[in-house]
Amino acid sequence: MNDYTAWTTLSVVHTHYIILGMMFFLILGLISMNMNLKINRAVLFYNIGLNLTAIMLVVCGIIQVLDLNVVSALISGIASIGHIILGFSLILILLDIKKACIK
């Protein structure tokens with residue numbers, strides 16, 4: 001549509017969503033079949049972080065394609081917050097799995 005052929009972050013949005021959004025929950029579902037996991041809060045944080053990260057990947061890609069002059073530090077900062085939330089929630093999920101294994 002815009003005759004843009006260079007690499008953008010739009011090319012990795014689907015991969016991130018498939019791996020982090022679908023594969024992660026399939027593995028978590030398999031793990032939770034044998035354990036009594038209570039990870040509602042951690043999964044909520046995970047979903048917030050995943051969606052924030054994916055939205056910022058799309059925004060960054062659109063800015064790259066349209067060649068807009070936007071402050072990239074703000075976009076990188078918001079994307080970093082999404083990654084931090086993802087990391088924090090992964091730690092919470094792993095700690096909950098550890099608790100379930102000890103019981």
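Index from 1, following the sequence.
Rounding to the nearest 0.5 angstrom, the gap separating the OG1 atom in Thr53 from the CD1 atom in Ile85 is 7.5 Å. Here the straight-line distance linking atom OG1 of Thr9 with atom CD1 of Ile63 works out to 9.0 Å at 0.5 Å rounding. Atom CD1 of Ile19 sits about 13.0 Å away from atom NE2 of His14, to the nearest 0.5 Å. In this structure, the separation between CD1 on Ile48 and CD1 on Ile81 is 12.5 Å, given to the nearest 0.5 Å.
Inter-residue side-chain proximity for Ile97 and Leu28 is flagged as met; some heavy-atom pair is nearer than 4.5 Å. Leu10 places none of its side-chain heavy atoms less than 4.5 Å from the side chain of Leu57. Within the 4.5 Å cutoff, the side chain of Leu52 has heavy atoms near those of the Ile78 side chain.
The 12-atom threshold is exceeded at CZ of Phe25, counting heavy atoms of other residues, nucleotides or ligands nearer than 6.0 Å. Heavy atoms of other residues, nucleotides or ligands lying less than 6.0 angstrom from CE of Met35 number more than 12.
When all heavy atoms are compared, the tightest approach of Ser89 to Ala42 is CB-O, 3.4 Å.
Between the side chain of Thr8 and the backbone N or O of Gln64 there is no donor-acceptor pair closer than 3.5 Å.
Under the 30°/60° scheme for interplanar angles, the aromatic rings of Phe24 and Tyr46 are found to lie parallel.
Cluster annotation: Val58 is connected to Val65 through the hydrophobic network of ILVMFWY side chains, with a link wherever side-chain heavy atoms come within less than 4.5 Å.
Take Tyr17 and apply the ring-ring contact (aromatic ring centres under 6.0 Å, His included) test, not counting sequence neighbours, and it matches no residue.
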